[in-house]
Asker: 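The following block contains the structure, expressed as structure tokens.
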Amino acid sequence: MENTQFSQNNEILTATVEKITYRNDSNAYTVAVVKAEKESVTIVGIMPFLNEGDTAVFEGNYIFHSTYGRQFSVKAFERKAPQNKAAVLRYLSSGALKGIGPSTAAKIVERFGEDSLDIIQNRPSQLTVIKGISLQKANAVSEEYNKQYGVRDIMVMLSKYGITADKALAIYRRFGEKSTEIIKSNPYTLCEEGIDFRFEIAEDIAADLNFEADNELRVAAGIEYVLRKNLLNGHTCLPRKKFIEVACKLLNCKESTVEVCCDRLVDAFRINSNTIDKTEFLSIPAYNVAEKHIAARLLSVKEFIDSAVTVDELEIQNVENRLGIKFEQLQKQAIFEAFDSGILILTGGPGTGKTTTLNAIIKLFENRNLEIELAAPTGRAAKRMTELTGKEAKTIHRLLEVEWGEGETKQFSRNEKNPLNCDVIIVDEASMIDTLLFDSLLRALRLSCRIILVGDSDQLPSIGAGNVLGDILDSDIFPSIRLKKVFRQANESTIVTNAHALVRGEKCDFSQKNSDCYFLKRQDAYSTVETVLQLVTERLPNAYGINPMTDLQILCPSRKLDTGTVNLNNLLQSYLNPLKKGEPQLAFKGIYLRVGDKVMQIKNNYDLQYRKDNGDYGNGIFNGDVGFITDIDIRGGILKVRYDDKVATYFSEDLSQLELAYAVTVHKSQGSEYDYVIIPLFDVPSKLKYRNLLYTAVTRAKKMLILVGDEQVWCQMAENDRKALRYTMLKEYLKNEV
């Protein structure tokens with residue numbers, strides 16, 4: 001076995017495991033007592049397959065736990081094979097291998113002595129001479145032993161690259177016993193989707209294995225890595241010329257080498273190539289297939305819609321009388337289009353009557369006993385939709401019923417073979433829907449189902465890759481109604497009038513006293529931050545009696561610099577939820593998590609388990625969900641987070657999916673509304689100074705909006721109407737299919 005290269009900054013402890021006091025089977029977090037020279041030490045950390053009787057070298061640091069006292073926190077470890085008969089017997093007697101108890105262990109050691117483990121690993125058939133061990137059992141014991149050493153080998157091999165034990169365990173679960181062999185033959189396998197290691201880590205491993213710069217495995221992996229990484233920027237494809245430049249820079253190799261490898265990957269269908277207006281685009285197959293299917297599916301809807309389902313002017317008047325309102329002309333047009341067309345896109349800014357129009361459409365469809373489903377991309381957006389319509393709305397994930405597929409892949413149980421039983425689906429916050437999610441939704445709808453997409457096209461596009469709402473609108477193929485008139489009640493809000501002025505490129509008004517929209521000018525980042533802290537902790541709670549944890553949200557254009565989310569979260573935590581003596585906290589990558597902290601889930605996790613208040617269990621917490629930490633178990637590396645009516649349980653390997661949420665980025669706030677919003681505007685990076693980001697932030701506020709900082713930054717953002725460029729194919733596929 002190779003020697004683990006431990007960090008010089010950590011301490012080394014060589015010891016024998018006396019007792020395993022706790023183990024979390026799902027993440028291998030272990031608490032054990034070990035004997036080191038003359039003293040017993042409690043060790044804690046992620047240690048897969050560590051067993052009683054094992055002798056190992058542990059790397060880590062001593063810590064002091066307020067309840068359990070002095071402990072050794074393990075960052076990495078290397079297990080050494082038992083050196084004598086007594087050590088082998090203790091190892092086998094510990095229950096480390098399923099099917100081998102103390103009695104059978106004694107018989108094996110008595111027969112094979114110090115060779116026992118070699119027999120188990122390499123010649124299991126010889127175990128059948130022991131009474132009670134069949135060939136099937138012998139092979140099962142050998143498989144379990146090799147599985148344990150497979151994980152150990154990966155841990156030893158990868159520890160020098162800073163890869164933690166939990167990551168090594170994930171690799172083993174993906175590739176099994178051949179993990180080490182696979183990595184050595186192609187370290188770039190670690191960059192594949194589902195493992196998602198940084199390309200730089202694979203490069204370090206490849207360098208140690210003497211991979212050439214123009215090695216085809218390296219170049220191919222680099223090409224796919226660039227395409228996948230750009231999904232994070234919203235692109236479902238990239239122009240080949242631009243892509244080649246980026247790939248050559250990453251790989252530091254000749255353009256001809258990348259070109260040749262690109263062509264081979266296209267021929268092997270590992271990437272797709274499409275030419276539009278003499279420009280070639282490259283894409284990941286899953287996204288190319290999704291955009292093609294979306295286009296074909298949307299265009300086919302009109303052929304299957306029941307044209308006998310109509311609405312007339314008199315029925316609309318009856319709805320007006322019942323609601324005590326008078327529809328504006330565009331609202332009426334939207335109602336007619338909802339019946340006449342299979343697909344309708346309804347857009348408009350705040351206060352333009354989208355909800356009123358939507359409620360009328362729902363009521364008219366219900367009058368015909370049509371089955372209606374309401375959905376939204378996020379939990380908060382679905383909850384708000386429920387409140388505004390009085391009809392249950394679900395997240396798209398919940399509607400499609402996420403479940404496990406073969407090979408631990410995740411899929412939706414609602415699909416072409418098991419479609420949703422609805423005649424109409426209405427999706428709110430449609431600007432947030434990414435390509436893959438929308439494709440999955442369409443696959444779960446019957447061809448006869450009407451589709452109504454509701455959103456604000458001036459907001460930011462989806463966090464995930466694609467530009468679904470924008471591309472559908474830009475194609476000019478389907479009916480789209482943009483409501484423009486701001487109704488009287490909404491027009492009384494300075495937030496609403498400023499939002500519309502912002503969209504039109506007009507000057508906004510912050511001069512009114514006793515309004516709901518203020519701009520507090522500050523000369524530097526320090527005073528901007530100080531003012532934000534004062535507003536959150538003193539001024540707003542004292543003036544309006546609000547709870548700063550639940551009624552207020554800080555929205556930042558950026559994560560970085562003084563007025564970014566990282567700095568503000570650390571400061572706000574210290575003010576709003578300071579560490580109290582004797583209370584637990586979990587540390588993860590410089591972030592301290594405490595009971596009472598406001599946190600956000602930052603990636604979709606379909607299998608994270610939660611328990612609802614009514615006792616039901618479920619799975620799935622999604623990107624953008626905000627909750628509060630209710631419990632922390634340091635010893636088990638476990639914390640619990642309440643999201644509305646459910647509590648989710650996180651283990652140590654899940655902590656990377658949580659961030660403090662006292663301050664969140666504007667991108668992460670999409671689909672949410674807050675009573676009170678504070679936006680710090682000072683050291684905003686130039687690439688984030690554009691109008692629809694500012695507009696999205698402004699329209700999150702319901703009761704009060706306070707901007708703090710440099711008014712010049714506001715002006716720069718308001719004047720920049722450049723939309724964030726996204727390379728996608730959906731619009732072209734829609735136009736070409738017509």
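Hydrogens, waters and symmetry mates play no part in the numbers below; they use all other heavy atoms, side chains included. Numbers for residues simply follow the sequence, beginning at 1.
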Asker: Distance only, no hydrogens: is a donor on one side chain within 3.5 Å (strictly under) of an acceptor on the other, for Q573 and D597?
Answerer: yes
Asker: So Y727 and F281, would you call those rings parallel, tilted or perpendicular, with 30° and 60° as cut-offs?
Answerer: tilted
Asker: Would a distance-only check, ignoring hydrogens and angles, find a side-chain to backbone donor-acceptor pair under 3.5 Å from Y518 to S515?
Answerer: yes
Asker: Distance only, no hydrogens: is a donor on one side chain within 3.5 Å (strictly under) of an acceptor on the other, for D471 and T728?
Answerer: yes
Asker: For Q459 and T696, test the side chains for any donor-to-acceptor distance below 3.5 angstrom and give the result as yes or no.
Answerer: no
Asker: Short question: side chain of N252, backbone of C248 - any donor-acceptor pair under 3.5 Å?
Answerer: no
Asker: Please evaluate residues L502 and W714 with respect to the criterion side-chain contact (heavy atoms from CB on, under 4.5 Å), reporting the C-alpha separation (whole Å), side-chain torsions for both, the decisive distance (0.1 Å), and the verdict.
Answerer: CA-CA 10 Å; L502 180 61; W714 167 280; 4.2 Å; yes
Asker: Quick one: is the NZ or CZ of K598 closer than 6.0 Å to the six-membered ring centre of Y662, and within 45° of its axis?
Answerer: no
Asker: What is the minimum heavy-atom distance between T386 and A393, and which atoms define it?
Answerer: OG1-N, 2.9 Å
Asker: Would you call E711 and K521 a salt bridge, using N to O less than 4.0 angstrom?
Answerer: yes
Asker: Between D551 and P541 (side chain of the first, backbone of the second, donor and acceptor by atom type, cut-off under 3.5 Å), is there such a pair?
Answerer: no
Asker: Please report the shortest heavy-atom distance between T357 and A334, naming the atom on each side.
Answerer: CG2-CB, 3.9 Å
